[in-house]
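One structure is given here, and the rest of the page talks about it.
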Amino acid sequence: MFGELDLDVFHVEVVLPRYVFRATCKPLGGFLTYFNDRRRNYLPFENVTIHPLSPMRQLEVIKQAKITVRRTEMVSISVLSEEEMGKIRILDSSREVVFYANQFAFQGALHVNSDTSNDDLLDETRDFYPMKGVKIAPLEKMASSPIRQVPLMLLGRAFVTLYTVKE
């Protein structure tokens, strides 16, 4: 159906509650719109390498040509290259925030409207919010952990337990 379209390819790292994987994805349309489209329950990824997060998991690294992932299970989606980040349009206004989500702390510049209240940064208008210059810190021992610093990341609102705005 979309075989004739020339789609942008992004190298990403996706954190799930129990796994982290690196892959390529070809969003149909804008990157932010694609991941926030609530009509898409599952999203495809190609050239995938899956790592378990827990040291207690018996699985080793798994490689797959293609997988499909439930969108609402994604804690974060990181774009791994500055060049690819340049293809993604996000708001100019940002705030330095530390988020605690799942087993991680994420610190970076959250891009939201300038008039958004600090108490309501992650409202229900989106499922994923863009952050730039993100530092990722695991909060517990892990078998594999995500890359520790990424140029751009989408944070899954549903997994955020608490946050603090750096004033």
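The residues of the chain are indexed from 1 along the displayed sequence. Model, not experiment: these values are computed from the prediction.
Side-chain N or O atoms of T24 include one that pairs as donor or acceptor with a backbone N or O of E46 at under 3.5 Å. At distances below 3.5 Å, at least one donor-acceptor pair connects side-chain atoms of E13 with backbone N or O atoms of I147. In this structure, the side chain of D123 engages the main chain of T125 through a donor-acceptor pair within 3.5 Å. Panel note: side chain D37, backbone R39; a donor-acceptor pair is recorded below 3.5 Å. For the pair R71 (side chain) and F35 (backbone), a donor-acceptor distance under 3.5 Å is present. Under a 3.5 Å cut-off, the side chain of S117 and the backbone N or O of D119 do form a donor-acceptor pair. S145 contributes no side-chain N or O that, together with a main-chain N or O of M142, makes up a donor-acceptor pair within less than 3.5 Å. When atom types are taken as modelled, the side chain of H111 and the backbone of P130 share no donor-acceptor pair closer than 3.5 angstrom. Between the side chain of N47 and the backbone N or O of A23 there is no donor-acceptor pair closer than 3.5 Å.
For N118, the side-chain hydrogen bond (donor to acceptor under 3.5 Å, both in side chains) test picks out R95, E167, with sequence neighbours left out. Qualifying ring pair (Phe, Tyr, Trp, His ring centres under 6.0 Å) partners for Y34, counting only residues two or more places apart in sequence or in other chains: none.
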With side-chain contact (heavy atoms from CB on, under 4.5 Å) as the criterion, how do F106 and V160 come out once you've worked through the C-alpha distance, each side chain's angles and the decisive distance to 0.1 Å? CA-CA 10 Å; F106 300 99; V160 173; over 6 Å; no
In sequence, state the C-alpha distance, the side-chain angles, and the governing distance for L122 and F99, and then conclude on side-chain contact (heavy atoms from CB on, under 4.5 Å). CA-CA 11 Å; L122 304 178; F99 290 97; 3.5 Å; yes
Could you check V61 against T49 for side-chain contact (heavy atoms from CB on, under 4.5 Å), going step by step and ending with a plain yes or no? CA-CA 7 Å; V61 174; T49 304; 3.4 Å; yes
Applying side-chain contact (heavy atoms from CB on, under 4.5 Å), run through R148 and K135 and close with a yes or a no. CA-CA 6 Å; R148 299 299 174 110; K135 295 177 184 173; over 6 Å; no
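V69 places none of its side-chain heavy atoms less than 4.5 Å from the side chain of Y42. The shortest distance between side-chain heavy atoms of T116 and L121 falls below 4.5 Å. For the pair D127/R38, a side-chain contact is recorded, criterion being any heavy-atom separation below 4.5 Å from C-beta on. Using a 4.5 Å heavy-atom cutoff, the side chains of I77 and M153 are not in contact. Within the 4.5 Å cutoff, the side chain of M74 has no heavy atoms near those of the T72 side chain. Put simply, the side chain of V48 reaches to within 4.5 Å of the side chain of I50, judged on heavy atoms. Between Q103 and L53, the closest side-chain pair of non-hydrogen atoms falls below 4.5 Å. Using a 4.5 Å heavy-atom threshold, the side chains of P44 and K26 count as separate.
Distance CG/L152 to OG/S81: 10.0 Å, rounded to 0.5 Å. The CD atom of Q64 lies 8.0 Å from the CD1 atom of I67; values are rounded to the nearest 0.5 Å. To the nearest 0.5 Å, atoms CZ (R70) and CG (N41) are separated by 9.0 Å. Distance NZ/K166 to CG/L110: 14.5 Å, rounded to 0.5 Å. Interatomic distance, CG of N102 versus CG of L16, reported as 9.5 Å (0.5 Å rounding). Atom-to-atom distance recorded for S93:OG and N113:CG is 6.0 Å, nearest 0.5 angstrom.
Both tests hold for R126 against Y129: distance to the six-membered ring centre under 6.0 Å, angle to the ring axis within 45°. Geometrically, K87 engages F10 in a cation-pi contact defined by less than 6.0 Å to the ring centre and at most 45° from the axis.
Residues L32 and L154 approach most closely at CD2-CD2, 3.1 Å, considering heavy atoms. The two residues L7 and P27 come nearest to each other via the heavy atoms CD2-O, 3.9 Å. Heavy-atom minimum distance, F31 versus C25: CE1-SG, 4.2 Å. Of all non-hydrogen atoms in E82 and P151, the two that sit nearest each other are OE2-CB, 3.6 Å. For the pair P146 and I136, the tightest heavy-atom approach, listed with the atom from each and the gap, is CG-CG2, 4.2 Å. F159 and P17 make their closest contact through CE2-CG, 3.8 Å (heavy atoms, listed as atom of the first residue, atom of the second, distance).
Not less than 6.0 angstrom separates the ring centroid of Y100 from the ring centroid of Y163.
For CG of D115, the number of neighbouring non-hydrogen atoms (other residues, nucleotides, ligands) closer than 6.0 Å is greater than 12. Within a 6.0 Å sphere centred on CZ of R89, heavy atoms belonging to other residues, nucleotides or ligands number 12 at most.
Hydrophobic clustering (side-chain heavy atoms under 4.5 Å, transitive across Ile, Leu, Val, Met, Phe, Trp, Tyr) groups V98 together with L139. Residues L28 and V14 share a hydrophobic cluster, clusters being chains of Ile/Leu/Val/Met/Phe/Trp/Tyr side chains in contact below 4.5 Å. Cluster membership for L80 and L155, using ILVMFWY side-chain heavy atoms within less than 4.5 angstrom, is shared.
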